[in-house]
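Heads up: the structure comes next, in structure tokens.
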Amino acid sequence: MTHHAKAGRRFGTLWRMSGLLPLLLAMLWTLPLMAAVDEEAETEWPKGHYPLPEQGDVVGEDYIVEAKAEETLLDIARDNNVGYQEIRRANPDVSVWMPGEGTEVMIPGRFILPPVDREGIVINVAELRLYYYPPAGEGETPRVETYPIGIGREGFDTPLGKTKTTMNLKDPAWYPPQSVRQEAAERGEEAPAVVPPGPDNPLGRHAIMLDIDGYLIHGTNKPDGIGMRASRGCIRMFPEDVASIFDRVPVGTQVHLINQPIKAGWDGNMPYVQVYEPLEEQEAGMAAFMETLAMLEGSDDEAGTPLNYELLRELLENPSGKVVALTPSPEPEPEEKSEEQESLLWEELAV
């Protein structure tokens, strides 16, 4: 045996005896797993995707970003999964077109889940938001995905109720409805019989048909209208958002369209309320107050949590879209007594 071979054997024996070899092998085994876990943690939850809470109703967090040069408030909204009205409510003093480099912009990224069954697609027209509860595969964490939407403008209300998806269309053609033809005729123009796929197609590149004649969930060639009442009744999404769910929404998926301007729920032992402007003129009366309290009915532990009824009334009268905790009113601090008052008190006690 050569000198080098003997030295190698002695080194290998010492290595094994020191216990470093098993440790090294374990590290080599776990490093790829750790990398996979890190990669999954980074890629598993895109903006607007949240694990479903095992207990409670609140997901997400509000956060702040800084505007870049030449970036509009609408650009920031789109990059952060919010629509026009949401970003404007959260940043009333920030310019829409020129926020300015370095301007802090609040992103309203916290939501109370709508008070309906958590399955399929739920569209809350009052909130201008879509919630998708994809089926969870074996070993997957149940999740919810939420996206800003555009809905029907006044006179073209988006219908409410339960329906289902019937067909997914890639690069759909658009056939202008009678109302579009009539409006074009009043302007002295002639609407085309069909608009082929392309940049002028108002449906964008992806459309999901609903089992309601003439209504779809689709993309758009006018993304600035997301987060507004701007369509003829259909549900518009940012092109990248509808593309992300297009191949994952099976035909026959339940779609529940609701008009719920008031949402309430729990996060731990804390009750929360989120109130939006109603689509129709509607006073925040006793019925809305009682409806909100009914949504907060929970377990015995939750029932013992004191609610701030004065704050709830204020939220109903001044809807902001923010998720607000109904913390109890603070107890009034005891008044500090002067030395003279304390002296008089001791004299009274001494009598």
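Only this structure's heavy atoms are used, side chains among them; waters, hydrogens and symmetry mates stay out.
Screening Ile123, Ile121, Thr165 for a side chain to side chain contact (heavy atoms under 4.5 Å, CB included) with Leu210, the sole residue that qualifies is Thr165.
In the hydrophobic clustering of this structure, Val82 does not group with Met106; members are Ile, Leu, Val, Met, Phe, Trp, Tyr whose side-chain heavy atoms approach within less than 4.5 Å, directly or through other members. Note on Val125: it clusters hydrophobically with Val242, by side-chain heavy-atom contacts below 4.5 Å among ILVMFWY residues. Using a 4.5 Å cut-off between side-chain heavy atoms of Ile, Leu, Val, Met, Phe, Trp and Tyr, with links allowed through other members, Leu113 and Val116 fall into the same hydrophobic cluster. Leu216 and Ile212 are not part of a single hydrophobic cluster, where members link through side-chain heavy atoms under 4.5 Å apart. Under the 4.5 Å side-chain heavy-atom criterion for Ile, Leu, Val, Met, Phe, Trp and Tyr, Tyr147 and Phe246 are members of the same hydrophobic cluster.
With sequence neighbours excluded, no residue forms a ring pair (Phe, Tyr, Trp, His ring centres under 6.0 Å) with Tyr215. For His218, there are no ring pair (Phe, Tyr, Trp, His ring centres under 6.0 Å) partners at least two apart in sequence or on another chain. The side chain to side chain donor-acceptor pair (under 3.5 Å) test applied to Asp241 returns no partner, not counting sequence neighbours. In this structure, Glu71 has no salt bridge (charged side-chain N to carboxylate O under 4.0 Å, His left out) partners at least two apart in sequence or on a different chain. For Ser231, the side chain to side chain contact (heavy atoms under 4.5 Å, CB included) test picks out Arg236, with sequence neighbours left out.
Pairing each heavy atom of Asp171 with each of Pro197, the nearest pair is O-CG, 3.1 Å. In terms of heavy-atom proximity, Gly60 sits nearest to Arg110 at O-CG, 3.3 Å. Shown here for Leu296 and Pro271, the closest heavy-atom pair between the two residues is CD2-CB, 4.0 Å. Between Arg78 and Pro239, the shortest heavy-atom contact is NH2-CD, 3.6 Å. The minimum heavy-atom distance between Arg118 and Asp57, with the atom names listed, is NH2-OD1, 2.7 Å. The two atoms that bring Thr163 and Leu257 nearest to each other are CG2-CD1, 3.9 Å, heavy atoms only.
Asn201 places no side-chain N or O within donor-acceptor distance of the main-chain N or O of Gly198, the cut-off being under 3.5 Å. Checked by atom type and distance alone, the side chain of Asn221 pairs as donor or acceptor with a backbone atom of Pro199 at under 3.5 Å. Between the side chain of Asp117 and the main chain of Glu119, no donor-acceptor pair closer than 3.5 Å is present. Of the possible polar contacts, none joining the Lys47 side chain to the Asn81 backbone as a donor-acceptor pair under 3.5 Å is found. Distance alone, capped at 3.5 Å, is enough to place a donor-acceptor pair between the Asp62 side chain and the Gly109 backbone. Checking side-chain atoms of Thr166 against main-chain N and O of Asp211 turns up no donor-acceptor pair under 3.5 Å.
At least one cation-pi condition fails for Arg248 and Tyr132: the charged atom is not both under 6.0 angstrom from the six-membered ring centre and inside a 45 degree cone around its axis.
Taken from CD1 in Ile235 to CD1 in Ile149, the straight-line distance is 6.0 Å, to the nearest 0.5 Å. Rounded to the nearest 0.5 Å, atoms OG1 (Thr103) and CD1 (Ile76) are 8.0 Å apart. Going from atom CD1 of Ile245 over to atom OG1 of Thr253 covers 9.0 Å, rounded to the nearest 0.5 Å. Taken from CG in Leu315 to CD in Glu310, the straight-line distance is 11.0 Å, to the nearest 0.5 Å. Between atom CG of residue Asn168 and atom CD1 of residue Ile208 there is a gap of 5.0 Å, rounded to the nearest 0.5 Å. Put simply, CG on Leu326 and CE on Met270 are 9.0 Å apart, with the number rounded to the nearest 0.5 Å.
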Inset, instruction - Show the numbers, then the answer: is there a side-chain contact (heavy atoms from CB on, under 4.5 Å) between Val122 and Val255? - result: CA-CA 6 Å; Val122 176; Val255 179; over 6 Å; no

Inset, instruction - Start with the C-alpha gap between Glu127 and Phe111, add the side-chain angles, then the distance that decides, and say whether side-chain contact (heavy atoms from CB on, under 4.5 Å) holds. - result: CA-CA 10 Å; Glu127 189 181 357; Phe111 309 98; 4.0 Å; yes

Inset, instruction - Evaluate side chain to side chain donor-acceptor pair (under 3.5 Å) for Tyr272 paired with Gln274, printing each intermediate quantity in order. - result: CA-CA 7 Å; Tyr272 287 86; Gln274 190 172 24; over 6 Å; no

Inset, instruction - Run the numbers on Leu312 and Leu307 for side-chain contact (heavy atoms from CB on, under 4.5 Å), then give the verdict. - result: CA-CA 8 Å; Leu312 175 56; Leu307 301 180; over 6 Å; no

Inset, instruction - Apply side-chain contact (heavy atoms from CB on, under 4.5 Å) to the pair His256 and Asn124, showing each step before the final yes or no. - result: CA-CA 8 Å; His256 195 174; Asn124 187 3; over 6 Å; no

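Taking the side chain as every heavy atom from C-beta outward, Glu101 and Lys68 never approach each other to under 4.5 Å. Using a 4.5 Å cut-off on side-chain heavy atoms (C-beta onward), Leu293 and Tyr309 make contact. Side-chain contact between Lys162 and Ile258 is absent, with no heavy-atom pair separated by less than 4.5 Å. Inter-residue side-chain proximity for Arg143 and Pro134 is flagged as met; some heavy-atom pair is nearer than 4.5 Å. At least one side-chain heavy atom of Met295 sits under 4.5 Å from a side-chain heavy atom of Ile262. Proximity of Leu52 to Tyr133: side-chain heavy atoms (C-beta onward) are separated by under 4.5 Å at one or more points. Contact of the Tyr276 side chain with the Leu128 side chain is not registered, since no non-hydrogen atoms from C-beta on lie closer than 4.5 Å. Contact annotation: the side chain of Val273 never approaches that of Val324 to less than 4.5 Å [non-hydrogen atoms, C-beta and beyond].
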Which donor-acceptor pairs under 3.5 Å do the side chains of residues 92-99 make with protein atoms, sequence neighbours left out?
from	atom 1	to	atom 2	distance (Å)
Ser95	OG	Trp97	N	3.4
Ser95	OG	Met98	N	3.0

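Between Arg229 and Asp157 there is a salt bridge, with a side-chain nitrogen of the basic residue lying less than 4.0 Å from a carboxylate oxygen of the acidic one.
More than 12 non-hydrogen atoms from other residues, nucleotides or ligands lie less than 6.0 angstrom from OH of Tyr63.
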